[in-house]
Undergrad: 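A single structure is presented below for examination.
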2 protein chains.
Amino acid sequence: MTSTAVPPPTLTRLPVYARVLDELVRRGVVTASSVELAAAAGVEPAQLRRDLSHLGSYGKRGVGYDVAELRAHVRGALGVGRRRGVVVVGVGNLGRAVASYAGLVPRGFEVVALVDVDPAVVGTTVAGVEVADLAELPRLVVERDVSLAVLTVPGGAAQDALDAVAASGVRSVLSFAPRALSVPDGVALRSVDVAAELQILSYYLPPV
Amino acid sequence: MTSTAVPPPTLTRLPVYARVLDELVRRGVVTASSVELAAAAGVEPAQLRRDLSHLGSYGKRGVGYDVAELRAHVRGALGVGRRRGVVVVGVGNLGRAVASYAGLVPRGFEVVALVDVDPAVVGTTVAGVEVADLAELPRLVVERDVSLAVLTVPGGAAQDALDAVAASGVRSVLSFAPRALSVPDGVALRSVDVAAELQILSYYLPPV
DNA sequence: GTTTGTGAACCGATTCACAGCA
DNA sequence: TGCTGTGAATCGGTTCACAAAC
């Protein structure tokens with residue numbers, strides 16, 4: 001099976017596999033079976049084999065997978081081959097935390113721009129990047145080769161922020177705002193809602 | 001259909017419905033149909049009706065749903081009827097952002113404890129709460145009635161942190177660490193991985 | 001008339017189990 | 001022999017479409 005579209009559930013697991021393969025490369029492991037990889041990733045072996053089959057046929061029967069080769073293919077499928085510029089929209093506590101997050105660089109992401117609408121924040125420097133006004137966004141996106149946006153604005157500002165980043169040419173957006181957003185054409189949006197995650201976990205707590 | 005187990009996909013949508021219903025209550029809306037609710041939540045009407053049917057039968061045919069009543073049932077199903085104490089484990093940038101996040105209180109969550117292992121951080125105050133040593137966790141969980149933990153520790157410390165919160169009696173955990181974690185018995189774990197989200201979004205970017 | 005709640009059909013992902021290859 | 005890749009079976013969620021209820 002060659003690279004036709006990857007099913008969404010598989011896509012969400014690819015970063016996990018990429019992380020596992022990174023670790024194996026770091027430890028100098030050359031070959032790994034689906035059983036070993038699946039155990040490290042926390043999935044079933046059949047699931048992992050099916051997932052990988054959507055990318056191509058990179059294993060050897062009786063042997064397993066070449067770790068370095070497989071990692072290259074997983075990375076290739078995710079499009080994380082090269083550095084990606086990220087703009088953080090909304091420089092509050094969460095925006096600052098994202099801008100300072102050390103886990104991005106090793107995965108190929110670099111926060112190259114920060115924007116906000118608050119004059120008290122614009123002009124300050126966070127994680128080595130000067131905060132610009134939201135109006136500068138279209139220019140920054142072009143000049144600094146921004147591929148992705150992270151929205152860390154209050155819920156009420158999220159739709160405007162999404163429209164603004166879309167208008168400036170960014171097509172992939174990660175939102176932390178607790179809102180259902182109307183997604184402009186051609187834009188890929190993923191959302192993380194911390195309060196919602198806690199509410200989901202509350203379901204499993206013993207009742208009152 | 002009465003409240004047997006709620007399917008996981010439905011469970012992830014309930015917080016969205018809760019938010020929509022909050023907004024309608026705020027605007028003084030008394031009744032809403034599945035079509036209206038679904039549009040506000042960004043799902044299909046049939047999906048919403050099926051989801052709600054897992055909670056019980058609270059609509060009136062020809063009329064729709066009583067907004068206040070439905071909200072009470074959704075909240076009840078999520079177990080967000082009353083305030084829940086939260087401990088934040090790991091007081092770095094992200095931990096501070098979570099502790100300061102204004103979106104938690106309106107949804108019934110209160111950060112009542114912060115712990116870290118770094119002596120430079122222990123003893124400082126963040127968002128009105130003094131940071132304690134990780135060793136204090138079992139005592140704090142009991143004394144401050146902690147129901148949920150948020151792990152904002154480096155990846156390498158995540159498994160230990162999870163084991164520690166589980167040992168101290170917390171059964172619901174939200175982790176921000178980019179690791180596959182082995183989950184202790186009886187613990188519900190959800191994970192948010194910001195770098196993984198960006199990698200998933202990278203898939204949709206134009207190739208190199 | 002309107003709208004819910006739900007069987008039934010559909011669709012897609014997961015899992016099984018084994019043929020095929022190293 | 002050992003392990004992959006994948007048809008086939010299975011499982012579960014989504015969507016359709018309509019009878020029942022208001």
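Order of the sequence lines fixes the chain letters, A, B, ..., with proteins taken first and strands second; residue numbering starts at 1 for each chain.
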Undergrad: What is the separation between atom CG on A:Leu14 and atom P on C:dA13, rounded to the nearest whole Å?
TA: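 Interatomic distance, CG of A:Leu14 to P of C:dA13: 13 Å.
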
Undergrad: Would you mind telling me which of A:Arg71, A:Arg75, A:Arg26 makes a side-chain contact (heavy atoms from CB on, under 4.5 Å) with A:Leu21?
TA: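 Exactly one option meets the side-chain contact (heavy atoms from CB on, under 4.5 Å) with A:Leu21, and it is A:Arg71.
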
Undergrad: Between A:Pro9 and A:Val63, which has a closest nucleotide on DNA chain C that is more 5'?
TA: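 Whichever sits nearer the 5' end wins; that is A:Pro9.
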
Undergrad: Can you tell which of D:dT4, C:dT14, C:dT4 lies closest to the side chain of B:Ser33?
TA: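 The answer is C:dT4.
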
Undergrad: For the pair B:Glu36 (side chain) and B:Ser33 (backbone), establish whether a donor and an acceptor sit closer than 3.5 Å, ignoring hydrogens and angles.
TA: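 Yes, the answer is positive, given that a donor and an acceptor are paired below the 3.5 Å cut-off.
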
Undergrad: In whole Å, I'd like the distance from the CD atom of A:Glu44 to the C1' atom of D:dT6.
TA: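 Rounded to the whole Å, the gap is 17 Å.
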
Undergrad: Looking at B:Ser57, I'd like to know whether one of its side-chain N or O atoms comes within less than 4.0 Å of OP1 or OP2 on C:dG5.
TA: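 For C:dG5, OP1 or OP2 has a side-chain N or O of B:Ser57 closer than 4.0 Å.
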
Undergrad: Please evaluate the base of C:dT4 for a donor-acceptor partner in the side chain of B:Arg61 within a cut-off of under 3.5 Å?
TA: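 Donor-acceptor pair under 3.5 Å: yes.
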
Undergrad: Using whole Å, report how far CG of B:Leu70 lies from P of C:dG5.
TA: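 Going from B:Leu70 (CG) to C:dG5 (P), I get 9 Å.
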
Undergrad: Any N or O donor-acceptor pair linking the side chain of B:Arg50 to the base of D:dT15 at under 3.5 Å?
TA: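 When only heavy-atom distances are counted, B:Arg50 does reach the base of D:dT15 through a donor-acceptor pair under 3.5 Å.
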
Undergrad: Contact class for B:Ser34 (heavy atom, under 4.0 Å): base, sugar-phosphate, or nothing?
TA: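 If one applies the 4.0 Å heavy-atom cut-off, B:Ser34 turns out to touch the sugar-phosphate alone, with no base involved.
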
Undergrad: Enter the distance from A:Gln199:CD to B:Leu11:CG here, rounded to the nearest 0.5 Å.
TA: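 Rounded to the nearest 0.5 Å, the CD-CG separation comes out at 10.0 Å.
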
Undergrad: Rounding to a whole Å, what distance do you find between B:Gln47:CD and C:dT4:C1'?
TA: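 So the CD-C1' distance, B:Gln47 to C:dT4, works out to 16 Å.
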
Undergrad: Count the heavy atoms of every other residue, nucleotide or ligand shown that sit under 6.0 Å from CZ of B:Arg13, and state whether that count exceeds 12.
TA: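 Yes, enclosed.
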
Undergrad: Could you state the atom-to-atom distance from CD of A:Glu36 to C1' of D:dG2 in whole Å?
TA: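 Distance check: A:Glu36 CD to D:dG2 C1' gives 12 Å.
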
Undergrad: Provide, to the nearest angstrom, the distance between the OH atom belonging to A:Tyr58 and the P atom belonging to C:dA22.
TA: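 Rounding to the nearest Å, OH of A:Tyr58 and P of C:dA22 are 17 Å apart.
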
Undergrad: On DNA chain C, does the nearest nucleotide to A:Gly62 precede the nearest nucleotide to A:Asp51 from the 5' side, or the other way round? Give the residue.
TA: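 Closest to the 5' end, via its nearest nucleotide, is A:Asp51.
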
Undergrad: Rounded to the Å, how far apart are A:Arg49 CZ and C:dC18 P?
TA: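 Those two atoms, CZ and P, are 14 Å apart.
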
Undergrad: Among the nucleotides D:dT15, C:dA13, C:dT4, which one has an atom lying closest to any side-chain atom of A:Pro8?
TA: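 Selected nucleotide: C:dA13.
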
Undergrad: Rounded to whole angstrom units, what separation is found between the OH atom of A:Tyr65 and the P atom of C:dA22?
TA: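 Whole-Å distance recorded here is 15 Å.
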
Undergrad: Between the main-chain N or O of B:Val194 and the side-chain N or O of A:Tyr101, is there a donor-acceptor pair closer than 3.5 Å?
TA: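 No, the answer is negative, given that no donor and acceptor are paired below the 3.5 Å cut-off.
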
